[in-house]
S.K.: 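Before I ask anything, let me first share the structure, which is written out below as structure tokens.
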Amino acid sequence: MTARPAAAGRKAVAGIPAGLGRAQLLELYYFMRLTRSLEERLANLYRQGKVIGGLFRSLGQEADSVGSAFALDRSAGDMLSPLIRNLGSLLVMGALPVDVLRQYMAKATSPTRGRELNVHFGDLERGFIGQISHLGDMLPVMAGITLTFQLRGERRVGLVYVGDGAMSTGAFHEGMNLAAVRRLPLVVVAENNGYSYSTTLERQTAVPQLVLKARAYGVRGERADGNDVLAVYDVTRRAVDRARAGEGVTLIELVTYRRKGHAEHDDQHYVPKDELARWERNDPIDRFVRQLTDSGWADAGELEAADARVAGELDAAVQAAQGEPLPEPASALEGVYVEPPRQAAPWQREVTRG
Amino acid sequence: MTARPAAAGRKAVAGIPAGLGRAQLLELYYFMRLTRSLEERLANLYRQGKVIGGLFRSLGQEADSVGSAFALDRSAGDMLSPLIRNLGSLLVMGALPVDVLRQYMAKATSPTRGRELNVHFGDLERGFIGQISHLGDMLPVMAGITLTFQLRGERRVGLVYVGDGAMSTGAFHEGMNLAAVRRLPLVVVAENNGYSYSTTLERQTAVPQLVLKARAYGVRGERADGNDVLAVYDVTRRAVDRARAGEGVTLIELVTYRRKGHAEHDDQHYVPKDELARWERNDPIDRFVRQLTDSGWADAGELEAADARVAGELDAAVQAAQGEPLPEPASALEGVYVEPPRQAAPWQREVTRG
Amino acid sequence: MAEVTYLEALRQGLREEMRRDERVFILGEDVGRYGGAFKVTEGFFEEFGEARVIDTPISEAAIVGAAAGAAHLGMRPVAEMQFIDFISCAYDMLTNYVATARYRANLACPLVVRGPCGGYVRGGPFHSQNPEAAFLHTPGLKIVCPATARDAKGLIKAAIRDDDPVLYFEHKYLYRRIKEQLPEDGDLVTPIGRARLALEGTDLSIITYSAMVWKALEAAQVLEKEDGLHAEVLDLRTLLPMDDAAILETVKKTNRVMIVHEDTRTGGVAGEIAARINESAFEWLDAPVLRVTAADTPLPYAPTLEDFVLPQTADIVSVARKLAAY
Amino acid sequence: MAEVTYLEALRQGLREEMRRDERVFILGEDVGRYGGAFKVTEGFFEEFGEARVIDTPISEAAIVGAAAGAAHLGMRPVAEMQFIDFISCAYDMLTNYVATARYRANLACPLVVRGPCGGYVRGGPFHSQNPEAAFLHTPGLKIVCPATARDAKGLIKAAIRDDDPVLYFEHKYLYRRIKEQLPEDGDLVTPIGRARLALEGTDLSIITYSAMVWKALEAAQVLEKEDGLHAEVLDLRTLLPMDDAAILETVKKTNRVMIVHEDTRTGGVAGEIAARINESAFEWLDAPVLRVTAADTPLPYAPTLEDFVLPQTADIVSVARKLAAY
Ligand SMILES: Cc1ncc(C[n+]2csc(CCOP(=O)(O)OP(=O)(O)O)c2C)c(N)n1
Ligand SMILES: Cc1ncc(C[n+]2csc(CCOP(=O)(O)OP(=O)(O)O)c2C)c(N)n1
Ligand SMILES: [Mg+2]
Ligand SMILES: [Mg+2]
């Protein structure tokens, strides 16, 4: 492949939507590629038995995670809370691939020191907060985060992800409503990927579009193609801007698709083959590559360079993480409270382990 | 007052809305009056210290309770679940005033044998099921009741009340969504009485109308004047008919007003005086009386007769209930399980009480 | 007789009850077409149809609440929690609505809530919990915790037939690791409220339940071989109501007791058992009642950490020695 | 010095902390303009404004979850449950999210959840609960239960200053019935984790907390007068972490112990205490550790029933006699 002439690139740059520049487009590409490649590395490690617990994939949903997180202003102190399929969001916020690998492999060096699994980790400095498994619970928590922004008069914005399935939880409802009543600077991204585990959308909710739920809370609703990273960025960015301007909550439905099973063990036998094939043709990275090259926003060389950077970084990360030790057993007892109990507690183990 | 000529009565009867007949209009009147008078008796007993716990009033909301419950078909086995302000619904379903008095006074003869307070009691035979205090919990329970109707192919309908405040609970959301997804034969009556305890509607939800919440669940929404008993009956009846026909859930917003404080101890200092005065002029019983007499659907004599019947019944009920004993202390231990524990349990009290 | 796993035994019990009694139905997340996250209800959708194997939204409170409503009307719902950790989302519904229904309103509430509990599977803090202590405190509920394939089957059948609400905590570590010969016909029902003597012994008693029964048996072997000690192992099977008679009997026999559970120590079930033994058999004790439990932390994910926090066979052995030497 | 009620002492503590530290704010149902169902925050809305005394929708899970989010960012939220019975709706959020935040994610979560607990007020099964046992089982939480006006004030201040999440259970029966002289200035803080010797004695120990402290003191008077017995009364004040040293000390002193709590017996806090005493002071016991608690039922509404189910002074006296005579 020969590089496009620079002139074509310049011409096209004028047409980049959503106020983005070329460098940012390449960043978006980089993060989507990084997300996918990191998960592929993880899948390898999983097959080798090196991932301790389950493995969750976001194949086909990278645009949704990356585009939405990219709309936040990290330097302004914006924060988000991811779900299991938001590896891309974490990477955008500055999470290191090596830390993700450490998490999955339960290393002593992992952000949670081996206590929590997969992408269940957070980093206040980098602006993301770790989820727990109980679906919906992060809505109230992010309401509290953004309430704090509001109370302090800080112009910061929060973003929280929720799956089509998780929207059925009571916690989602309570958090959403509280945020709406107080017009908190919160963006709620509803990821409609068609499934919650094996459950299809119509067995999860009687509405055909998740965006309709916005009306019940008196918040603005938006809907976008979750596999179009620029559309995702654009819709999220507008919601973020509104939130920052004090205009309250937006619920954004991103329409996408879960191309893998719920977790790596799930063979998706309940998924129609043609449905899968259709969404494979709608791959968000392929689409973005076409868009980038067709519009002349990036040339093949730049994309290849990005790919190479991803591969190099991941080689190094896998290399680094793999050799690291598991946590010291007795470290398991530390940090339940800020201070250890005042005295030798009779309820601690009677025995010391080797 | 002289009775209207029969001819006028007949003429007007033709114009009764919602397919109701004269006898039913008088029944509606009777139940509204019975509700109000029973609460007035209770208020008296409360002031005399004879009501053990708190007292909750539905003053001004009688049309909402009575009209909606009246739309159920008791002979078809329809069922409802009331809240604290649905005394009227209970009476329509056949609850006896004397039992309500017994409940409030914690008598041994009360439906719950002194275990639960106020209108927290049920009667499967009569078609109503006792609430617990935890708001929202009856939504899932009534979803289960109506799921059973559906599974058994019974053409029965369920009705559940929920306050403007209770709609903020997670339980409401989960139950509502489950009912919607399965198109259960359930009518959800959202009573918008402007307050939840001291909290005004706009601090409870960001939507101006509760009926908007229907859209989030993909169910039909209706809104009616909750102080117009015929409008309440009509809108509920249509929802009940649809539910019976297999057309699923309707959320009905009844717009009404809580004219007393949250409970008898609450002096409502947070309520604007003119607001109260405005709603006093919109009293549902007064309105219905005017409607009945102006339209010639009932004559003053009939209404007086109903009032007299109510007074007589309540005299007898108060008389009967007052003298009855409190429950035997040791009866407190019975009925936690269907069978008492197999053996003398060491966790029972060490001591016997006198 | 055929050899079946703990999981298959549970499945058999469920299936037999559904065949026996058409009032029995199942509801939960992904229990239908998918057959459940652990495939406990595999094949049920095909055999019993959509109306009796109901996929629900992700709404634990609604699942339990709906089960209660159905139970009031005479149905026999069996609600699955995908992992038992999520039962916490139905805590209000279970403790306030379900458990009190009979007492406060004379409403029958014969439902079963079941789901996979327990650790040793690298599930981390939210896929490994043992919630029995959270519910032991609630009069009106029953709690069963099968350790064997036979009881997995016998207790699910008993739970479904029980006229009161039963929580059935099945241990996911045992699902496919435990196998047992079970009769192919006959009605295998384990009575609720009765403990089982898993091993007779004379020197000390290990009172336990669920997966810990197997560790206790392992420990008993070590003690026998290495110390010549004969440990008795009592498998409680039901925690609520507790089989006080069986507990008393073993205490009177060995006079030295330890309680083993996988759950964290403080506020765990062992406290209640220790208190009961104290109250009813103090004079029979030759040594303090000792506890072997998890440490008081959320359960961490890393194998090194999980193994350290959870009770192990070696812990039981070492505490047993201490007890015997007391 | 001024005489203040338990409720006023709590209010003072809250107010002083809000004046001292602008990170402290209150959220809950009707806590703002209305001043709270029991008027604990009366006047706060006027003094501190809408931004620090926040009326929320009826959403206990969201109240607690939002408090957690704020706490992560350095705020000091105090969440009110209108009645503590409704804390069950936030059970998942408290046990899974809040309690584990530090351990799993190194997130500080310094919040307080407080609300009126307890019976003897004819509140029926859903306005009288004592939820401490439901949370004792959760590492990561702290639990305090003041019995006196001084501790109502001192513990709310300590709870707000604590860097970990604290559940503060205030007894509604004591709100206006208990009065005490408290210094008007000075910083009255009761350390979390320390019990208080409410009455010195030599013959037997009554370990208790919250409203039961007063019944224990009443019983001690009767025992002294009628039996010449000197009961020691230990007010735990904090249940988690428990003051094991203080418990050990009183056991060693009197060798006869009873535990009194208002909550139901099975799975209650007394079991844990009995087990700890057993483990750490078995040889000091001259009699079994006995429990006086509520009976294992939901709490009924009728005065005759409520009085029968709840522990009374006479029960404490009678069990104390049994203990002394053992
Ligand atoms: C309260 C709760 N119930 C059940 C589960 C088990 N569970 C984990 S993921 C999942 C499906 C989630 O679906 P969705 O919200 O659509 O997210 P997706 O996996 O599609 O990204 C379920 C049921 C859970 N984690 N939390
Ligand atoms: C889960 C829960 N939280 C709090 C309460 C305390 N509470 C009882 S009634 C009430 C207000 C209810 O308002 P609404 O639902 O509008 O009903 P209304 O009283 O207006 O009829 C509150 C907060 C409760 N009963 N349940
Ligand atoms: Mg999904
Ligand atoms: Mg209201």
Side-chain angles (χ1 to χ4, degrees), chain C residues 60-61 85-96 99-100 103-104 124-126 129 131 133-140 239-242 259 263-283 285 287-291 295-298 300-301 326, chain D residues 60-61 85-96 99-100 103-104 124-126 129 131 133-140 239-242 259 263-283 285 287-291 295-298 300-301 326:
Chain C
E60 284 76 12
D85 310 61
F86 305 126
I87 200 171
S88 54
C89 300
Y91 181 81
D92 161 49
M93 197 58 85
L94 277 164
T95 60
N96 289 309
T100 64
Y103 187 77
R104 71 179 153 77
F126 307 115
Q129 295 177 0
F135 296 100
L136 186 75
H137 176 250
T138 308
L239 299 181
L240 196 63
M242 217 175 259
I259 306 159
D263 187 21
T264 48
R265 170 166 300 208
T266 297
V269 170
E272 176 63 29
I273 301 173
R276 288 185 186 205
I277 292 173
N278 210 269
E279 287 168 334
S280 59
F282 182 72
E283 48 282 46
L285 288 176
V289 178
L290 297 179
R291 294 183 283 180
D296 281 339
T297 74
Y301 164 56
Y326 188 90
Chain D
E60 284 76 11
D85 310 60
F86 305 125
I87 201 173
S88 54
C89 300
Y91 181 81
D92 161 50
M93 196 60 84
L94 278 164
T95 60
N96 289 309
T100 64
Y103 187 77
R104 70 179 154 77
F126 307 115
Q129 294 177 1
F135 296 101
L136 186 75
H137 177 249
T138 307
L239 299 182
L240 196 62
M242 216 174 260
I259 306 159
D263 187 21
T264 48
R265 171 168 298 210
T266 297
V269 170
E272 178 63 29
I273 301 172
R276 290 187 183 202
I277 292 174
N278 209 268
E279 287 168 337
S280 60
F282 182 71
E283 49 280 45
L285 288 177
V289 177
L290 297 180
R291 293 184 283 180
D296 281 338
T297 73
Y301 164 55
Y326 189 90

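The chains referred to below are lettered A, B, ... by the order of the sequence lines, with proteins before strands, and numbering in each begins at 1. Computation of the quantities below employed the complete heavy-atom set of this structure, encompassing side-chain atoms and omitting hydrogens, waters and symmetry-equivalent molecules.
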S.K.: Could you list the residues that satisfy side-chain hydrogen bond (donor to acceptor under 3.5 Å, both in side chains) with C:Asn96, not counting sequence neighbours?
M.R.: B:His134, C:Asp92, D:Ser88, D:Gln129
S.K.: With chain D as the partner, which of C:Gly268, C:Ala99, C:Pro298 has the greatest number of non-hydrogen pairs under 4.5 Å?
M.R.: C:Pro298
S.K.: Could you check which of D:Glu283, D:Met93, D:Glu60, D:His137 has the highest count of heavy-atom pairs closer than 4.5 Å to chain C?
M.R.: D:His137
S.K.: Using non-hydrogen atoms and a 4.5 Å limit, figure out which bit of D:Ile87 sits close to chain C: side chain, backbone, both or neither.
M.R.: neither
S.K.: Can you tell which part of D:Ala287 gets under 4.5 Å to a heavy atom of chain C, answering side chain, backbone, both or neither?
M.R.: backbone
S.K.: Drop me the distance from C:Phe282's CZ to D:Leu285's CG, to the nearest 0.5 angstrom.
M.R.: 5.0 Å
S.K.: Using a 3.5 Å distance criterion without hydrogens, assess whether the side chain of D:Glu272 forms a donor-acceptor pair with backbone atoms of C:Gly267.
M.R.: yes
S.K.: Non-hydrogen atoms of chain D under 4.5 Å away: do they reach the side chain of C:Leu240, the backbone, both or neither?
M.R.: side chain
S.K.: Considering residues at least two apart in sequence or located in another chain, which fulfil the side-chain hydrogen bond (donor to acceptor under 3.5 Å, both in side chains) criterion with C:Thr100?
M.R.: C:Arg104
S.K.: Let me know if C:Tyr326 has heavy atoms under 4.5 Å from chain D in its side chain, its backbone, both or neither.
M.R.: side chain
S.K.: Quick check against the 3.5 Å criterion: does D:Asp296 have a side-chain atom that pairs as donor or acceptor with the backbone of C:Pro139?
M.R.: no
S.K.: What part of C:Asp263 is in contact with chain D, defined as an atom under 4.5 angstrom from a non-hydrogen atom: side chain, backbone, both or neither?
M.R.: side chain
S.K.: Where on D:Tyr301 is there a heavy atom nearer than 4.5 Å to chain C: the side chain, the backbone, both, or neither?
M.R.: neither
S.K.: Could you tell me which non-hydrogen atom of C:Glu279 sits nearest to which non-hydrogen atom of D:Val289, and how far apart they are?
M.R.: CG-O, 3.6 Å
S.K.: Specify the closest pair of heavy atoms between C:Ala275 and D:Arg291, including all atoms of both residues, with the distance to one decimal.
M.R.: CB-CZ, 3.6 Å
S.K.: How long is the span from the CG atom in D:Leu239 to the OG1 atom in C:Thr266, to the nearest 0.5 Å?
M.R.: 11.5 Å
S.K.: Among the options C:Thr138, C:Val269, C:Leu136, C:Ile259, pick out the one with the most heavy-atom pairs lying under 4.5 Å from chain D.
M.R.: C:Leu136
S.K.: Check each atom of C:Ala281 against the heavy atoms of chain D and say whether the ones under 4.5 Å are side chain, backbone, both or neither.
M.R.: neither
